[in-house]
Amino acid sequence: MSVEDRTAPPSAEDRTAALSAEDLAALRESLHEQRLFRQEQLQQLSTAAASRADALRARQAPSQLEVRVKLAASARMVLADVEAALARMDRGRYGICLLCRGPVARERLAIVPQARYCARCQQVREAGR
């Protein structure tokens, strides 16, 4: 029996993990677009809040203020994830799960380009919450 016969076939995760230069360029572009969108979103939230702060503060329902605060927090969190993904790209560590060090599937990165974890590790993290 040869060595090739004894090795397990590559998993779906392994088969889709190898990112080509074109994949990386497209994912980098997607991350840049997300970064720009989140920066603009935060700018709009802060501008709207600052320009109408005095007039609306008295009339604005507490729930509206809470929604605006949560939107801004969410945008800041996604922006931080996007920045971290771009930094991993620059270091050559993009597409590698931060927990198991295995590859993150290309399909997963196409949907969530800032993904830090492979699908399996993400499920484990979410189950532990």
Side-chain angles (χ1 to χ4, degrees):
M1 182 182 252
S2 72
V3 172
E4 290 99 22
D5 294 336
R6 287 181 280 175
T7 59
S11 69
E13 193 88 9
D14 292 337
R15 285 193 305 270
T16 59
L19 297 172
S20 69
E22 293 81 17
D23 291 334
L24 286 171
L27 290 164
R28 183 180 292 276
E29 180 62 28
S30 178
L31 288 165
H32 282 296
E33 288 173 8
Q34 281 194 44
R35 178 170 59 185
L36 182 60
F37 173 79
R38 295 303 175 175
Q39 288 170 335
E40 289 173 355
Q41 183 182 31
L42 285 167
Q43 180 65 33
Q44 289 173 355
L45 286 168
S46 66
T47 301
S51 66
R52 296 182 283 160
D54 294 333
L56 290 178
R57 203 168 284 147
R59 296 183 312 194
Q60 192 173 40
S63 61
Q64 289 176 327
L65 183 57
E66 183 178 350
V67 167
R68 187 180 306 277
V69 168
K70 286 184 179 187
L71 279 173
S74 177
R76 281 191 295 277
M77 189 168 45
V78 172
L79 180 59
D81 287 346
V82 167
E83 295 287 354
L86 287 166
R88 287 192 304 277
M89 262 189 189
D90 292 343
R91 292 190 314 268
R93 302 293 300 159
Y94 182 77
I96 299 170
C97 178
L98 296 181
L99 289 178
C100 72
R101 303 292 183 224
V104 178
R106 180 187 304 125
E107 289 82 3
R108 176 164 168 72
L109 293 170
I111 296 167
V112 185
Q114 70 270 24
R116 296 172 184 258
Y117 310 106
C118 67
R120 185 172 42 94
C121 288
Q122 184 67 44
Q123 288 174 341
V124 169
R125 285 181 50 83
E126 289 175 2
R129 287 185 185 175

Applying side chain to side chain contact (heavy atoms under 4.5 Å, CB included) to Ala25 and not counting sequence neighbours gives none
Taking side-chain hydrogen bond (donor to acceptor under 3.5 Å, both in side chains) as the test, write out the residues that go with Arg28, two or more places apart. Asp90
Taking all non-hydrogen atoms of both residues into account, name the closest pair between Val104 and Ala115 and its distance. CG1-CB, 4.5 Å
Of all residues at least two apart in sequence or in a different chain, which pass the side chain to side chain contact (heavy atoms under 4.5 Å, CB included) check with Gln39? Arg35, Leu36, Leu79, Glu83
Note: Arg120 and Cys100 closest approach over all heavy atoms is NH2-SG, 4.1 Å
Between Val82 and Phe37, does the side-chain contact (heavy atoms from CB on, under 4.5 Å) criterion hold? Intermediate values first, please. CA-CA 11 Å; Val82 167; Phe37 173 79; over 6 Å; no
Residues Leu24 and Leu19: closest non-hydrogen pair is CD2-CD1, 3.9 Å
Spatial distance of atom CD1 (Ile96) from atom CZ (Arg91) [nearest 0.5 Å]: 10.0 Å
Does the side chain of Gln41 pick up a donor-acceptor pair with the side chain of Arg38 at under 3.5 Å? yes
Ala85 versus Pro113, closest heavy-atom pair with distance: CB-O, 4.1 Å
Kindly state each residue pair satisfying side-chain hydrogen bond (donor to acceptor under 3.5 Å, both in side chains) with at least one member in residues 69-80, sequence neighbours excluded. Glu66-Lys70
Can you sort out the partners of Ala84 under side chain to side chain contact (heavy atoms under 4.5 Å, CB included), two or more places apart, ordered by chain and number? Arg88, Arg116
Residues clustered with Ile111, ILVMFWY side-chain links under 4.5 angstrom: Val112
Starting from Leu98 and following side-chain heavy-atom contacts under 4.5 Å between hydrophobic residues (I, L, V, M, F, W, Y), which residues can be reached? Leu99, Tyr117
Could you state whether Leu42 and Val78 fall into the same hydrophobic cluster, counting links through intermediate Ile, Leu, Val, Met, Phe, Trp or Tyr residues with side-chain heavy atoms under 4.5 angstrom apart? no
